[in-house]
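What follows is a set of notes on a single structure, which appears directly below.
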Amino acid sequence: MQSPAEKKPGVYTYVSQWPIYSLAWSVRHDKPSRLAIGSFIEDYSNKVELVQFNSSTSDFTTDNRLIFDHPYAPTNLMFFPSDSATNPDLIATSGDYLRIWEIHDDRIELKSLLNGNMSSEFNSAITSFDWAEFDTRRVATSSVDTTCTIWDIEREAVDTQLVAHDKEVYDISWGGFNVFASASGDGTVRVFDLRDKERSTIVYENPAQDGSLLRLEWNKHDPRFIATVGVDSNKVVILDIRFPTAPMMELKKHGASVNAVSWSPRMGHQLCSVSDDSRAMIWEVVRSGFGSDGVDVEPEMWYGATAQINQVRWSPVELDWIAIAFMNKLQLLKVY
């Protein structure tokens, strides 16, 4: 099924049947320009849909057989984090539970539902997760119950569960083998090393009044750097974990709350942020000479959408594409 696409040079729009909150790019080299989008419907019944973009014709195609029902709005989506076509074609989703789904040509089937709370029929909501590229058995989840859980998805079992913070944990990101960071309602970014589970390192404390930190992404290409965002904040805080406590820089040019950030996957020095000001901004963040000395860093470029932007993901395969989501629109931006 082909869908109507709004076309401008370098900007390609897919209009979904639902408001979009979560999105993900496929990593497999045999499935280029494939994305997943998750609905945001204030109801139990939500949807996840696979969307295929054809860069030669600039058209999007979908298949009704590759849409599946999801309980509650998925808080995050990720495809299996390997480009090899020999791996199973899987997608993970989070919400009330972490779920792994298997994608076939004509259907998507639930492969496993991972419940870390066996002592109760109730499960605390999972706010986000990150699937480790370097060890694809491992998925790290963050939860409102203050814990972070490391799953072994092959065994479908909890590997490690840590009480990570004093309040809800809103986001989580791997930084390397055995190392991950989390951001919390307690206003801290903490780094954990699974070889020493009793301890964590606070690398940032938000000085704001309501200091909740909602978003965090470790730079996979250059693991010195972490980006984090506070609640109702127009700033993206860049941390250099070699020098904890003081931010390396703050990106402050958005005119309203920042909702999501995404590092450029293989270049390591660029970050895209999106905001309620309807703008997506691309920043050069790791050039020497910049610091937290009050110098206002300007974005390298920015794009204006027609509504508040909820989500952003930089393509891990085709590095000149960025996906954003606002209202019921998925928009692909070509970065020249």
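All of these numbers come straight from a predicted model, not from anything done at the bench.
Connection of Tyr12 to Val51 is established within a shared hydrophobic cluster, with ILVMFWY side chains joined at heavy-atom distances below 4.5 Å, either directly or through further cluster members. Put simply, Ile241 and Met248 are part of two different groups of oily side chains (I, L, V, M, F, W, Y) that touch within less than 4.5 Å, one to the next. Both Tyr14 and Trp321 are part of a single hydrophobic cluster, where members link through side-chain heavy atoms under 4.5 Å apart. Val139 and Ile150 are not part of a single hydrophobic cluster, where members link through side-chain heavy atoms under 4.5 Å apart.
Side-chain contact check for Asp63 versus Leu50: every heavy-atom pair is 4.5 Å or farther apart. In this structure the side chain of Glu318 reaches within 4.5 angstrom of the side chain of Pro32, judged on heavy atoms. Side-chain contact between Val274 and Asn310 is absent, with no heavy-atom pair separated by less than 4.5 Å. Taking the side chain as every heavy atom from C-beta outward, Pro265 and Leu319 approach each other to under 4.5 Å. Looking at heavy atoms from C-beta onward, Ile37 lies in side-chain contact with Ser16 at the 4.5 angstrom threshold. Side-chain contact check for Pro244 versus Leu239: every heavy-atom pair is 4.5 Å or farther apart. Annotation: side chain of Lys31 is not in contact with side chain of Val317 (no heavy-atom distance under 4.5 Å). Proximity of Glu168 to Thr127: side-chain heavy atoms (C-beta onward) are nowhere separated by under 4.5 Å.
With a 6.0 Å radius and a threshold of 12 heavy atoms from other residues, nucleotides or ligands, Phe40 has its CZ atom at or below the threshold. Within 6.0 Å of CD in Glu109 there are more than 12 heavy atoms belonging to other residues, nucleotides or ligands. Residue Arg199 places its CZ atom among 12 or fewer non-hydrogen atoms of other residues, nucleotides or ligands, all under 6.0 Å distant. Other residues, nucleotides and ligands contribute at most 12 non-hydrogen atoms within 6.0 Å of the CG atom of Asp105.
Put simply, OG1 on Thr146 and CG on Asp166 are 8.0 Å apart, with the number rounded to the nearest 0.5 Å. Taking CD1 from Ile172 and OG from Ser182, the interatomic distance works out to 6.0 Å, rounded to the nearest 0.5 Å. Between the OG1 atom of Thr93 and the CG atom of Asn76 there is a distance of 9.5 Å, given to the nearest 0.5 Å. Atom NZ of Lys329 and atom OG1 of Thr306 lie 4.5 Å apart (nearest 0.5 Å). To the nearest 0.5 Å, atom CD1 of residue Ile324 and atom CD1 of residue Ile309 are 4.0 Å apart. Within the model, atoms CZ of Arg155 and OG of Ser112 stand 13.0 Å from one another, a figure rounded to the nearest 0.5 Å.
A ring-centre distance under 6.0 Å is not found for Phe129 and Trp151.
Residue Val261 forms a side chain to side chain contact (heavy atoms under 4.5 Å, CB included) with just one option from Leu271, Leu216, Thr228, and that option is Leu271. Put simply, the residue from Thr147, Val158, Ile126 that forms a side chain to side chain contact (heavy atoms under 4.5 Å, CB included) with Thr141 is Ile126. Of the residues listed (Lys253, Glu298, Met301), the one engaging Trp283 in a side chain to side chain contact (heavy atoms under 4.5 Å, CB included) is Lys253, and it is the only one.
A parallel orientation is assigned to the rings of Phe180 and Phe192, their planes being inclined by less than 30° (bins at 30° and 60°). Using a 30° and 60° split on the angle between ring planes, Tyr72 and Tyr44 fall in the perpendicular class, above 60°. A perpendicular orientation is assigned to the rings of Trp131 and Phe80, their planes being inclined by more than 60° (bins at 30° and 60°).
Under the 3.5 Å distance criterion, the side-chain polar atoms of Trp174 are matched with a main-chain donor or acceptor of Asp130. For Thr188 (side chain) and Ile202 (main-chain N/O), no donor-acceptor pair under 3.5 Å exists by modelled atom type. Asn46 contributes a side-chain N or O that, together with a main-chain N or O of Ile41, makes up a donor-acceptor pair within less than 3.5 Å. In terms of modelled atom types and a separation under 3.5 Å, the side chain of Ser315 and the main chain of Ile322 share no donor-acceptor contact. Using modelled atom types, one side-chain atom of Ser22 and one backbone atom of Pro74 make a donor-acceptor pair closer than 3.5 Å. Side-chain atoms of Ser173 come within 3.5 Å of backbone atoms of Trp218 as a donor-acceptor pair (strictly under, hydrogens ignored). The closest donor-acceptor contact from the side chain of Ser39 to the backbone of Ile20 lies at 3.5 Å or more, if one exists at all. At least one donor-acceptor pair closer than 3.5 Å links the side chain of Arg28 to the backbone N or O of Asn87. A donor-acceptor pair is defined here as one N or O able to donate and one able to accept, closer than 3.5 Å; no such pair exists between the side chain of Asn178 and the backbone of Leu194. Judged by distance alone, the side chain of Asp320 and the main-chain N or O of Lys334 form no donor-acceptor pair under 3.5 Å.
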task = Carefully, step by step, assess Glu156 and Leu114 under the rule side-chain contact (heavy atoms from CB on, under 4.5 Å).
result = CA-CA 6 Å; Glu156 299 185 10; Leu114 302 167; 3.7 Å; yes
task = Start with the C-alpha gap between Glu217 and Arg215, add the side-chain angles, then the distance that decides, and say whether salt bridge (Lys or Arg N to Asp or Glu O under 4.0 Å) holds.
result = CA-CA 7 Å; Glu217 187 168 310; Arg215 289 278 171 267; over 6 Å; no
request  = Start with the C-alpha gap between Asp210 and Asp232, add the side-chain angles, then the distance that decides, and say whether side-chain contact (heavy atoms from CB on, under 4.5 Å) holds.
outcome  = CA-CA 9 Å; Asp210 173 8; Asp232 297 331; 5.6 Å; no
inquiry  = side-chain contact (heavy atoms from CB on, under 4.5 Å), that's the test. Do Trp263 and Lys220 meet it? Break it down for me.
reply    = CA-CA 8 Å; Trp263 289 100; Lys220 305 291 199 257; over 6 Å; no
key: Worked check of side-chain contact (heavy atoms from CB on, under 4.5 Å) between Leu162 and Lys197   = CA-CA 8 Å; Leu162 303 165; Lys197 296 171 187 166; 3.9 Å; yes
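Across every non-hydrogen atom of Pro316 and Ser26, the tightest pair is CG-O, 4.1 Å. Of all non-hydrogen atoms in Arg34 and Gln52, the two that sit nearest each other are CB-OE1, 3.5 Å. Residues Phe134 and Gly176 come closest through the heavy atom pair CZ-O, 3.0 Å.
In this structure, a donor-acceptor pair under 3.5 Å is present between the side chains of Thr75 and Ser94. Of the N and O atoms on the side chains of Asp43 and Ser45, not one donor lies less than 3.5 Å from an acceptor on the other residue. Using modelled atom types, one finds a donor on one side chain and an acceptor on the other under 3.5 Å when comparing Thr86 with Ser84.
Taking the charged nitrogens against the carboxylate oxygens, Asp69 and Lys47 do have a contact shorter than 4.0 Å, which makes a salt bridge. Between Lys111 and Glu102 there is no salt bridge, since no side-chain nitrogen of the basic residue lies less than 4.0 Å from a carboxylate oxygen of the acidic one. Using a 4.0 Å cut-off between a side-chain N of Lys or Arg and a carboxylate O of Asp or Glu, Asp240 and Arg224 do not qualify as a salt bridge.
With sequence neighbours excluded, no residue forms a ring-ring contact (aromatic ring centres under 6.0 Å, His included) with Phe79.
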